[in-house]
Number of protein chains: 2
Amino acid sequence: MQNSFTEENYLKIIHALSGRDGGEVSTNALAESTATRAASVTDMLRKLAEKGLINYKKYQGVTLTELGEKVAIKVIRKHRLWEVFLVEKLGFGWDEVHDIAEELEHIPSEILVEKLDAFLGHPRFDPHGDPIPDAKGNLMEPDYGVLTDVQLGEKVRMMGVLDHAPSFLQHLDRSGLTLGSLIEVKEINEYDRSASVQIDGGPTLFISLEVSKNVLVQRR
Amino acid sequence: MQNSFTEENYLKIIHALSGRDGGEVSTNALAESTATRAASVTDMLRKLAEKGLINYKKYQGVTLTELGEKVAIKVIRKHRLWEVFLVEKLGFGWDEVHDIAEELEHIPSEILVEKLDAFLGHPRFDPHGDPIPDAKGNLMEPDYGVLTDVQLGEKVRMMGVLDHAPSFLQHLDRSGLTLGSLIEVKEINEYDRSASVQIDGGPTLFISLEVSKNVLVQRR
DNA sequence: TAAAAAATTTAGACTAGTCTAAATTTTATT
DNA sequence: AATAAAATTTAGACTAGTCTAAATTTTTTA
């Protein structure tokens, strides 16, 4: 049984919204993320439940079934592999690939994914630092911290981003912050929780709370 | 105005069926190629005509407008570029790529196509020898002959195939016939128009009329 | 804990693309 | 040229996915 483009999107979004704990996702949250109305979401939820992809009781929110989780992770694997392809092979910027990968992720064919994966050298992370599920569907979520939680004087490594919006990624580019950057927190302003940080032992940078909140780092 | 997956498929098929001369395509022919019913085709034709993509008068068959031709050629360009990618980069066989390219060809994004084209080194032909339209939409159809038209004793170069069915392509693989093979016609059997041919000055091969009809060659 | 607010679901409707069956037009054949 | 056959179109209906408006359930709050 094949799942439609739309069904795959719902599963992917439910996966994203239910987070690490796999908690219930609300109808309204889905309506917002799918850019549809709550009524439409309800219809789709009934359908996904009938196909055994989600656990759904009226008014109670939804979680993925094991089957639904499997499908969602396959979509995520494809999305992230295509993003690697677009950046590494075609030369796109990390701020340009999301929408295209959003289309490519729904191309069927297991063998295509596996050949793509091999061609790319079995990458473990996508251009935004998000982990790529392996062929068996294992998704290892590294537990990075957020830059806001880093103490004064600490040195951390930038490993990913929470916000994938092009405007945010472009802002990071202009700031000289990229994956792998070594960040040392030199100063924290109590008032607005903005900070001054030194990048790779070089230039010092002023960072707003808004940015700090969305930068994932490895504390050592 | 974006064209749907389905609309693009109709345009591509109309292009293919109207041939070099751009002649009218019948409703029934479209029904057959799209694997739908004639009634469904009629509905779609009305829609495509309204969008200015085809010239359509009831009962008269259809041709592409300039706009429709442009859209069709873009789809063909994408299809053939993706086929090159699948074969050259991912290692698929030429018999395995059609269905996957059928999906990939509908991924929007002009820039994706152009970057893919550059990544592949601006190939002129796809893995089946079909010419790839350039970025401006020029499609240069080389005028190859068919192997059936080759005279006894002639030496020709294999340049393409008319049948793209996996079973046919696999048959060619098993026979040792690939694009670029030098074919010398050693013998023609009047009875069934089968032939014996020598490949690249090496082994001699028996070829049925059915195969000859579908092999495109360059006569020198 | 009852009323108000928020969230969710149901009812009925719309579009794209498809279908079958019937009607119509064109083409082929006596 | 009249009729039969083939091709095409129309009419009416169905599914997937969406919508608005109204009804219902849950949650919040006073």
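Distances from the side chain of A:Y59 to the nucleotides D:dA11, D:dT25, D:dC19 place D:dT25 closest. When distances run from any side-chain atom of B:S40 to the nucleotides C:dA7, D:dT8, C:dC19, the shortest one goes to C:dC19. Nearest nucleotide to the B:Q60 side chain, out of D:dT26, C:dT10, C:dT26: C:dT26. Comparing atom distances between the B:K58 side chain and each of D:dT9, C:dT18, C:dT20 picks out D:dT9 as nearest.
As a whole-Å value, the separation of B:E8 CD from C:dA16 P is 16 Å. Atom C1' of nucleotide D:dT9 and atom CZ of B:R46 are separated by 8 Å, given to the nearest angstrom. Distance, A:N3 CG to D:dA16 P: 13 Å, rounded to whole Å. When rounded to the nearest whole Å, the span between CD of A:Q2 and P of D:dA16 equals 15 Å. The CG atom of A:N9 sits 17 Å away from the P atom of D:dA16 (whole-angstrom rounding). Between the CD atom of B:E32 and the P atom of D:dA7 there is a distance of 11 Å, given to the nearest Å. Counting to the nearest Å, the P atom of C:dT26 and the NZ atom of B:K57 are 12 Å from each other. For the pair A:E24 CD and D:dT26 P, the interatomic distance rounds to 15 Å; values are reported in whole Å.
Residue A:F5 is out of contact with every strand shown, counting any heavy-atom pair closer than 4.0 Å. Among the heavy atoms of the strands lying under 4.0 Å from B:T36 are primed sugar atoms or P, OP1, OP2 only; no base atom is included. B:T42 comes within 4.0 angstrom of a nucleotide base, judged by non-hydrogen atoms across all strands.
Ring pair B:F85/A:F85: centre-to-centre distance below 6.0 Å.
Close to C:dT18, at under 4.0 Å from its OP1 or OP2, lies a side-chain N or O of B:Y10. The phosphate of C:dT20 (OP1 or OP2) has a side-chain N or O of B:R37 nearer than 4.0 angstrom. Contact between the side-chain N/O atoms of B:T27 and the OP1/OP2 oxygens of D:dT9 is found at a separation under 4.0 Å.
Where A:A38 and B:N28 each meet DNA chain D at their nearest nucleotide, the meeting point lying more 5' is that of B:N28.
B:E105 pairs in a salt bridge (charged side-chain N to carboxylate O under 4.0 Å, His left out) with only one of the listed residues (B:K12, B:K78, B:K74), which is B:K12.
Using a 30° and 60° split on the angle between ring planes, B:W82 and A:W82 fall in the perpendicular class, above 60°. Ring planes of B:H128 and B:W94: parallel class, angle under 30° (limits at 30 and 60°).
Classification of B:D117 and B:R77 as a salt-bridged pair holds, one side-chain N sitting under 4.0 Å from a carboxylate O.
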